[in-house]
S.K.: 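Below you'll find the structure I mean.
As the structure is a computational prediction, the values presented were derived from the model and not from experiment. Each ligand, and each atom within it, is numbered from 1 in the order the structure gives.
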Amino acid sequence: MKYLLIGNWKSQGSLEEIHQFLSTVGRLSIPENVRPILCPPFVYLDLVKKRLPAGYGLCAQTCGVFPKGAFTGEVNASMIQDIGCGYVLIGHAERQESLDVLEKQMERAWEAGVVPIFCLGEEAPSAWYSLAKKISYLSSLPSSALFYVAYEPIWAIGGKTPPSCGYLSQAFQYLRAHLKHAQGFIYGGGVRPENLKEILDLNMLEGILVGQSSFQQAIWTMLLAILETHGRAQQKMTTR
Ligand code: PGA
């Protein structure tokens, strides 16, 4: 399985910046072990789709709660699928949506054939109780439900330092034990080129989610390079 490198641009980018980013990034080779995925703001999704470098995936930052209809301003999951976008983030902490809303968005994503990446994270270090409702919802889903889990401790988002490896390892053990049928586990929150190797060395993840800094070409280039080195090292270990 390829390692997901998800770049969540959040609310940034202009036509010019996006053209520049894509033309630079389009020249980089993609490591064999990596599936890069870009999450631009809604208004740029279609543009990015049309210029998406080969091998890249596309992800929306959220989707509407309703199917198509009289819901002014809403972008529904069928529209996201219609333009060729394969993934959608559900419940990013910055959106502060209730679980009730997230459950409906998950339904809409599945109906439309878009793969949801469900975000969850505790509010403060070790505040595991704040995850309970989301975990109970996800674990109640049928094993046929296709979704990824993006673990993003709220207190680490936007910072420069993720939790310690010991902390992350405990968190992922807990999540994996409770959410056995998730398609994969992704980490986000303070991931930077300086700390990526450490996170990869945990060998507990299927992907990483990087916020605003992923829209910087230099950082994106470094992230790809680090993932490539990691992939090579892994390959060596398995062929030994
Ligand atoms: P960060 O954001 O990389 O800036 O911490 C991650 C996210 O919000 O998804």
S.K.: Please indicate whether any nitrogen or oxygen in V191 is less than 3.5 Å from any nitrogen or oxygen in ligand 1.
M.R.: no
S.K.: If hydrogens are left out, which of E152, E94, K10 has an atom nearest to atom 8 (O) of ligand 1, that is, the closest non-hydrogen atom?
M.R.: K10
S.K.: Can you confirm if the aromatic rings of F71 and F66 lie within a centre distance of less than 6.0 Å?
M.R.: yes
S.K.: Taking the basic N atoms (NZ, or NE/NH1/NH2) and the acidic carboxylate oxygens, is any pair closer than 4.0 Å for E194 and R192?
M.R.: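 Between R192 and E194 there is no salt bridge, as every charged N stays at least 4.0 Å from the carboxylate O atoms.
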S.K.: When you measure from atom 3 (O) of ligand 1 to every protein heavy atom, which one gives the shortest distance, and what is it?
M.R.: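 Protein heavy atom at minimum distance: G211 N, 2.8 Å.
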S.K.: Distance only, no hydrogens: is a donor on one side chain within 3.5 Å (strictly under) of an acceptor on the other, for E17 and Y44?
M.R.: no
S.K.: Polar-atom distance check: I157 versus ligand 1, any N or O pair below 3.5 Å?
M.R.: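 Such a contact does not occur with ligand 1.
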S.K.: What protein heavy atom sits nearest atom 4 (O) of ligand 1, and how far off is it?
M.R.: R192 NH2, 3.4 Å
S.K.: Are E206 and R176 close enough for a salt bridge, meaning some N to O gap below 4.0 Å?
M.R.: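 Yes, this pair counts.
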S.K.: What atoms in ligand 1 come closer than 4.0 Å to a heavy atom of H92?
M.R.: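 Those of ligand 1 that fall under 4.0 Å from H92 are 7 (C), 8 (O), 9 (O).
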S.K.: When you measure from atom 5 (O) of ligand 1 to each heavy atom in C39, A93, G158, which option holds the nearest one?
M.R.: G158
S.K.: Would you check whether G190 reaches within less than 4.0 Å of ligand 1, judged by its heavy atoms?
M.R.: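 A heavy atom of G190 does come that close to ligand 1.
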S.K.: Can you confirm whether Q12 is buried at CD, in the sense that more than 12 heavy atoms of other residues, nucleotides or ligands lie under 6.0 Å from that atom?
M.R.: yes
S.K.: For the residue pair T24 / Q217, report whether a side-chain donor-acceptor contact shorter than 3.5 Å exists.
M.R.: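 The answer is yes; a qualifying pair exists.
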S.K.: Do Y151 and F185 have ring centres separated by under 6.0 Å?
M.R.: no
S.K.: Going by the order shown, which atoms of ligand 1 are within less than 4.0 Å of some heavy atom of N8?
M.R.: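 Per the distance check, 9 (O).
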